[in-house]
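To start, the structure under review is shown below, and the notes come after it.
Please read all numbers here as calculations on a predicted model, not as lab measurements. The sequence lines fix the lettering, A, B, ..., with proteins before strands; numbering per chain opens at 1.
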Amino acid sequence: MSSILQSLEEAFQNAFSDLGFSPDLGAVRESDRPDLAPFQCNGAMAAAGQAKKQGEKVNPRDIAQSVADAVKKHDAVKSIEIGGPGFINIAPTEEALSKRARDLSGSEHLGIEQVEPRTIVVDYGGANVAKPMHVGHLRSAVIGEAIKRLYRALGHKVIGDVHMGDWGLQMGHLISELESEEPDLPYFDEDKLEDFPEDSPVTMDDLARLYPQASNAAKNDEARMERSRLATAELQAGRAGYMALLHHFIDVSVAALKVGYGDLGVEFDLWNGEACVDHLIPEMIEEFRRKNIAEDDDGALIIRVEEEDETKDVPPVMLLASSGAVLYHTTDLATLVDRKNEIDPDLIIYVVDQRQALHFEQVFRAAVKAEWYKRDQLYHAGFGTMNGKDGKPFKTREGGVLRLEDLLKIMNEAAADRLEESGIGADYEASERREIARKVGLAALKFADLQNQRLTNYVFDPERFTSFEGKTGPYLLYAAVRIKSILRRAKDEDVSPGKIKISDPKEAQLLLSLDAFGRAVASSAEKYAPHILCDHIYRVAQSFSRFYSDCPILAEDIPEEVKASRLALAELTLRQLEKGLTILGIETPERM
RNA sequence: GUCCCCGUAGCUCAGUCGGAUAGAGCGCAGGAUUCCUAAUCCUGAGGCCACUGGUUCGAAUCCAGUCGGGGACGCCA
């Protein structure tokens, strides 16, 4: 089942090919001039350019005319006209639109073309043990979740891994700080090797307090820093009490993180962290040495990854610090080994802050050098920071970071207020109102984040985030909810969806929007760019709203077959909207 | 110093493997509700696409340079 655009494109490619040109020139796209026709093909100008290079002088309009003549008889073509220097404008027939609508209606995937499945790991979330989630964690979670679902929608096997930061100096900070406060805990007895208490000596709140306390103290106190370093080294050397503590820290943190990510509607298949791959490090280092990839340098063990003829400086990968400690590069590489062993993925996508681009470039090069992966199996999908109005990373008025749960609360309350204003939810149960407010608030938050191109830093403006009009998550939900309402009413009135027949221009416009779903999903995934799908869903919602105001469905004077057709079109729209929203990680309420 | 990202309407952002008249939302000015949810729809005003030069029939888009903003650059993660 191919889209209208695809079937037109096929005809154009054949036409160009038959004229002796490259079939690529037959690319059809949505028109820049929708006032002229919905689709256009610009290949004639390029073809004339090609011919000119070979010494032939041809008028692009003549080529366009030949192509148009060849394509004219295609049964999806209603009109075909040549404009300007050789643009070919194409309008499809109502029959083609109607048929496409019925095809989409009957298809499980709603136009998303299923592909040869690959195994893909999406590494996102990246929360740290012992640190509460804040707005800085939002983008990775929201974008990563969308990318994961995008690839699943295409038919791939996708594994989401939270990849927690739970290894390294931060653990040394926590251990030594806890020792300062409670030196008598059994974990600090060097001779004790087993039988540590099962219950954690600390809560999440304790951890959230201990970490900044230690980190600040160490900043200005070299001796304090040395204690953290020592604790880190001993932990990594496997000291029993410290390992037991580490597992408490991780358990306590994971429980809290599961709640936090759950509130965001983000789910991971793997809750692995850096500590999980620690045991692979000695052998990995041995392999690097054996392959003559790693070398000693100034007491540290490094891998040089700069390439010849490179203008930029790429510093080496640091495998071991001169203290012998394991670093960020090391655990990331060990994670790559682990994934190779356990999953053997075709592709790994890292959804991590763009500021870490160089880090990933280094790690990827080392992994390629070791011949574990090909370069195109590893991709860093970086993203820009969420800034305040001053252009600096967002801070609260007090200057601190905004906790994620507080942000969610703000969104929730704004949505609840809006619901109350509208007066619509007055007769709903309190629990349903709460649930609606939750979904609307979360939709606003996620859509506001996802609709930006990944790499741009964007301004987080609480006022704009909590306005629910225009190009926002709630606008999309509103369109979906209106359809649900119509469907409920149609059921009451015993009207059933029937055969779709496109006749009104607004119906045609809506169908043309729906036709583009498969393309939007594919290119969104290919470019790791959820904002492309956001744009598509928004256009569908917009087309539906126009259709809604122009084309009554259940009004008395509407003929039965038109009712049935429009109802089916509305239902199809709802299915696509909900599918798209689900991919973006947005839930739709029944009413709002 | 080297490298990366960004600069488009008053504001927030799309558009960048070259195509016709550069789009959207907010805001602003006006209009639509005897009719399926007005969190909606319609109309309008608003642009040296940072700047300079180049390539091209054609440049917001490609190339070179300049300016401005953000960021990264061996023992934190």
Any donor-acceptor N or O pair under 3.5 Å, side chains A:His173, A:Ser228: yes
A:Tyr528 six-ring face occupied by A:Arg454 cation (under 6.0 Å, within 45°): no
G-U wobble or Watson-Crick pairing nucleotide for B:G18 (cut-off 3.5 Å, both distances): none
Distance in angstrom units between A:Met318 CE and B:G74 P, rounded: 10 Å
Sugar-phosphate only, base, or nothing, as touched by A:Val495 at under 4.0 Å among non-hydrogen atoms: nothing
Presence of salt bridge, A:Arg488 and A:Asp492, under 4.0 angstrom: no
Heavy-atom protein contacts under 4.0 Å, nucleotides 33-44 of chain B, coded B base, S sugar-phosphate only, - none: ---BBSBSSS--
Approximate separation, where rounding is to 0.5 Å, of A:Arg418 CZ and A:Thr466 OG1: 12.0 Å
Sugar-phosphate only, base, or nothing, as touched by A:Pro315 at under 4.0 Å among non-hydrogen atoms: sugar-phosphate
C1' atoms of B:C62 and B:G25, separation to the nearest Å: 30 Å
Integer angstrom distance from the P of B:A20 to that of B:A60: 9 Å
Separation of the P atoms in B:C63 and B:U55, to the nearest angstrom: 16 Å
Letter per nucleotide, 5' to 3', of nucleotides 5-20 of chain B [B base touched, S only sugar-phosphate touched, - untouched; heavy atoms, 4.0 Å]: S------SSSS---BB
Distance, rounded to the nearest Å, where A:Gln362 contributes CD and B:C4 contributes P: 15 Å
Distance, rounded to the nearest Å, where A:His329 contributes NE2 and B:G74 contributes C1': 8 Å
Whole-Å gap separating P (B:G74) and CG (A:Asp313): 10 Å
Sugar-phosphate, base or nothing in reach of A:Ala300, heavy atoms under 4.0 Å: base
Nearest-angstrom distance, P atom, B:C42 to B:U33: 15 Å
Lys/Arg N to Asp/Glu carboxylate O, A:Arg229 vs A:Glu222, below 4.0 Å: yes
d(CD, A:Glu361; C1', B:C73) in whole Å: 13 Å
Distance flag, aromatic centroids of A:Tyr350 and A:Tyr379, threshold under 6.0 Å: no
A:Phe468 ring center within less than 6.0 Å of A:Tyr475 ring center: no
Whole-Å P distance, B:C49 and B:U8: 11 Å
Salt bridge A:Asp221-A:Arg227, side-chain N to carboxylate O under 4.0 Å: no
Any strand: nucleotide that pairs with B:U33 via Watson-Crick or wobble, under 3.5 Å: none
Touch class at under 4.0 angstrom, heavy-atom based, for A:Asp298 against every strand present: base
Nearest-Å distance once atom P is located in both B:A59 and B:A50: 15 Å
Residues that A:Ile293 engages under side-chain contact (heavy atoms from CB on, under 4.5 Å), provided they are two or more places apart: A:Phe288, A:Lys291, A:Ile303, A:Lys369, A:Ala370
Spacing between A:Asp297 atom CG and B:G74 atom C1', to the nearest angstrom: 8 Å
Pi-cation contact, A:Phe364 with A:Arg375 (under 6.0 Å, within 45°): no
Between C1' of B:G74 and CG of A:Leu169, the distance in whole Å: 16 Å
B:G47: pairing nucleotide in any strand, Watson-Crick or G-U under 3.5 angstrom: none
Pair A:Arg438 + A:Glu587, salt bridge at N-O below 4.0 Å: yes
Watson-Crick/G-U partner (both atom distances under 3.5 Å) of B:C73: B:G1
Rounded C1' spacing from B:A72 to B:C28 in Å: 42 Å
Under 3.5 Å donor-acceptor pair, A:Ser467 side-chain atoms to B:C26 base atoms: no
P-based separation of B:U61 from B:U56 [nearest Å]: 16 Å
For B:A59, the Watson-Crick or wobble counterpart (both distances under 3.5 Å): none
Protein-nucleotide distance (A:Leu174, atom CG; B:C76, atom P), rounded to Å: 17 Å
Salt bridge present between A:Arg304 and A:Asp297 (N-O < 4.0 angstrom): yes
Sugar-phosphate only, base, or nothing, as touched by A:Gly168 at under 4.0 Å among non-hydrogen atoms: sugar-phosphate
Any strand: nucleotide that pairs with B:A9 via Watson-Crick or wobble, under 3.5 Å: none
